[in-house]
Asker: 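My questions will all concern the structure given below.
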Amino acid sequence: KGLRDTEHQRASPIPSQFSQEERVTMKESLKGAIQIPTVSFNPGEFNTTALAEFGEYIHKVFPTVFRTSFIQHEVVGEYSHLFTVQGSDPSLQPYMLLAHIDVVPATDQGWEVPPFSGLERDGFIYGRGTLDNKNSVMAILQALELLLIRNYIPRRSFFIALGHDEEVSGAHGAQKISALLQARGVQLAFIVDEGSFILDGFIPSLKKPLAMVSVSEKGSLDLMLEVNMTPGHSSAPPKETSIGILAAAVSRLEQTPLPNMFGSGPLKMTLQQLANEFSFPASVIFNNLWLFWPLVSRLMEREDITNALVRTTTAVTMFNAGIKVNVIPPVAQATVNFRIHPAQTVQEVLKLTKDIVMDDRVQFHVLESVEPLPVSPFDDQALGYQLIRQTIQSVFPEINIVVPGTCIAQTDSRHYTNLTTGIYRFNPVYLQPQDFRSIHGINERISVQAYESQVKFIFEFIQNADTEQRPVSHLHEL
Ligand SMILES: CCCCCCCC/C=C\CCCCCCCC(=O)N[C@@H](Cc1ccccc1)C(=O)O
Ligand SMILES: [Zn+2]
Ligand SMILES: [Zn+2]
């Protein structure tokens, strides 16, 4: 099911074919972007030199974008970029494409090539940001540049927002852009951001790749656990120290996963839509979840990635205690990062956590919390979702599974809920489990061909968004 464009609009799309010279230029431009180490270290702590250089770099490699009269470019929060592309038809509601220019840190250790070299090997461009998320930054601007060179004039207005601090919360980039657009009275038809991919090999019994468009996003709770004890000489220690008490509390949390929420939230819809794609006997199981849900939910718990879809996860990420070898430690602190399932709330997770720890000597400090994001519409009338489906069909004709999903991490799009109810997280790039581990890990890379397809996707997406849409009953009719 989906939307179909009108006949006359469909008659003359600009074909997404790029010359050999354009293909070389686009991959070289991505490599150049990777070579600029736009690292975010901590909130408010960025490589500002690199961020400034990145701003100059995009001017250099996308000159047409910057000199086009109907495109306004603004720098927001010093290093983020907002482009307003004024469409020719003001009756169409605008949309927004999001990406971020900052990356997480990377040292050379474990990498086949240095992480900021942007080197090409065996058809892959390596480097921090090739999947998260300079590929999107560059592909969006590259697609627009190529459309403008072909004299394309968009009908529907759209915004491109490139945040510079997504990896450390988005407070200086996305939040400021969002406030600016709100002050201007902007309401968006939908937003497309990072957060999911064309998944290949994530579900053992499913041989075909599937495009998962995330329509929701898990929340988070950063909780600091603290134990205070009177310090003293280690030669006559008390029965328990602050470290021992805290370690036991943290261990209880790790040993007691929060409840399996299988059956609530978007996952059930995802699996129902997938049911007919499995071969026997998995197809019978997924078509009868009312009977087999205990089995499926247990199977999903086995792997870390699918476990993250069925529950609020608990990750102990920091532990600090002790000041000297012969001093009883006065304070022990641990930070726990919970990723909250869409069917739970911050308060529920806090209560469950306190019940598991069950020790009055442990104090709880909420450092930061974000509720899970609402589920964006993905029905036949949902413009953003259907445009993504339609463009997947055309750019990746081999993919016949497009399902709504939940993003297990957080994205800058969470700062834009004031502007739209349609937030879709999808990168048109194939991802295998080992690629998933490279995001924030080592040897992050994208194939030249995958990057070209991403440019092609956005090139077509912008044109598809300009066609008048009306509902149709079958996707294959698009
Ligand atoms: C049933 C099918 C199985 C589906 C498996 C799902 C596979 C997941 C695939 C892709 C997910 C990739 C997510 C990439 C986005 C990463 C965004 C990110 O890292 N965000 C940060 C934001 C943040 C939050 C708080 C403080 C600082 C930064 C994050 O979430 O940590
Ligand atoms: Zn990212
Ligand atoms: Zn990231």
Side-chain angles (χ1 to χ4, degrees), residues 33 36-87 93-104 129 132-145 148 154 156-195 370 373 410-420 422-423 425 458 462:
I36 305 172
T38 50
V39 175
S40 284
F41 296 96
N42 282 303
E45 209 185 301
F46 333 108
N47 183 342
T48 51
T49 313
L51 289 170
E53 187 185 340
F54 199 89
E56 288 163 22
Y57 182 71
I58 54 177
H59 275 82
K60 190 178 95 186
V61 291
F62 305 120
T64 322
V65 171
F66 284 89
R67 66 160 177 260
T68 294
S69 60
F70 56 80
I71 300 180
Q72 184 195 0
H73 168 246
E74 293 164 277
V75 173
V76 181
E78 283 188 82
Y79 305 106
S80 288
H81 299 266
L82 174 65
F83 297 85
T84 305
V85 182
Q86 199 63 56
Q93 194 177 18
Y95 65 98
M96 180 151 75
L97 303 175
L98 287 191
H100 62 90
I101 63 180
D102 62 323
V103 294
V104 293
D132 180 17
N133 178 240
K134 282 180 177 164
N135 57 318
S136 297
V137 170
M138 297 302 284
I140 292 168
L141 294 176
Q142 184 68 73
L144 180 56
E145 176 81 8
L148 295 170
R156 187 187 291 273
S157 297
F158 63 100
F159 298 91
I160 298 170
L162 309 177
H164 72 273
D165 63 343
E166 188 276 347
E167 295 293 1
V168 287
S169 83
H172 296 81
Q175 266 187 41
K176 287 206 164 115
I177 295 175
S178 171
L180 180 67
L181 292 177
Q182 182 167 359
R184 290 178 183 166
V186 171
Q187 278 295 306
L188 300 166
F190 62 87
I191 284 176
V192 184
D193 194 6
E194 63 168 347
V370 182
L373 261 69
Q410 291 177 315
T411 68
D412 258 354
S413 69
R414 72 186 184 280
H415 300 302
Y416 293 94
T417 49
N418 51 333
L419 303 182
T420 184
I423 299 182
R425 302 145 192 93
I458 299 159
I462 292 172

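The structure displayed is predicted, hence computed values, not measured ones.
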Asker: Measure the NE2-CG distance between H100 and D193 for me, rounded to the nearest 0.5 Å.
Answerer: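 With rounding to 0.5 Å, NE2 (H100) is 7.5 Å from CG (D193).
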
Asker: Can a donor-acceptor pair be found, under 3.5 Å and without considering hydrogens, that links the side chain of E145 to the backbone of T64?
Answerer: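 It does hold such a pair.
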
Asker: Quick one: does any side-chain atom of K134 pair with a main-chain N or O of A33 as donor and acceptor, under 3.5 Å?
Answerer: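 Pair found, side chain donor or acceptor close to backbone of A33.
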
Asker: Looking at G87, is its backbone amide N or carbonyl O close enough to the side chain of S157 to form a donor-acceptor pair, meaning the two atoms are under 3.5 Å apart?
Answerer: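 Such a contact is found between S157 side chain and G87 backbone.
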
Asker: Report yes or no: does Q187 contribute a side-chain atom to a donor-acceptor pair with the main-chain N or O of N418 at less than 3.5 Å?
Answerer: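 Flag set: sc Q187 to bb N418 pair under 3.5 Å.
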
Asker: About how many Å separate NE2 of H73 and NE2 of H59, when rounded to the nearest 0.5 Å?
Answerer: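 NE2 of H73 is found 5.5 Å from NE2 of H59.
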
Asker: For the residue pair Y95 and F190, categorise the inter-ring angle as parallel (less than 30°), tilted (30 to 60°) or perpendicular (more than 60°).
Answerer: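 Plane angle under 30°, so parallel.
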
Asker: When you measure from the side chain of D165 to the backbone N and O of A171, does any donor-acceptor pair fall under 3.5 Å?
Answerer: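 Here the side-chain-to-backbone pair exists.
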
Asker: Test of understanding: with salt bridge (Lys or Arg N to Asp or Glu O under 4.0 Å), list the residues that count as partners of R67, not counting sequence neighbours.
Answerer: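 For R67, no residue satisfies salt bridge (Lys or Arg N to Asp or Glu O under 4.0 Å) once neighbours in sequence are set aside.
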
Asker: Taking the six-membered ring for Trp and the single ring otherwise, decide whether the centroids of F54 and H164 are under 6.0 Å apart.
Answerer: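 No, ring centres 6.0 Å or more apart.
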
Asker: Please examine the side chains of E167 and D132, heavy atoms only from C-beta on, and report whether any two atoms are closer than 4.5 Å.
Answerer: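 Contact flag for D132/E167 side chains = yes.
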
Asker: Write down the atom of I36, the atom of E53, and the distance for their closest heavy-atom approach.
Answerer: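 Closest approach of I36 to E53: CG1-OE2, 3.8 Å.
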
Asker: Let's go through I140 and F83 carefully: what are the C-alpha distance in whole Å and the side-chain angles of both, what is the deciding distance for side chain to side chain contact (heavy atoms under 4.5 Å, CB included) to 0.1 Å, and is it a yes or a no?
Answerer: CA-CA 11 Å; I140 292 168; F83 297 85; over 6 Å; no

Asker: Would you say that F70 contacts L148 through its side chain, given a criterion of any heavy-atom pair below 4.5 Å between the two side chains?
Answerer: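 Side-chain contact under 4.5 Å: yes.
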
Asker: Side chains of Y57 and M138: does their closest heavy-atom pair fall under 4.5 Å?
Answerer: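 A side-chain contact under 4.5 Å exists here.
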
Asker: Is there side-chain contact between V168 and F41, with at least one heavy-atom pair below 4.5 Å?
Answerer: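 No, too far: nothing below the 4.5 Å cut-off.
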
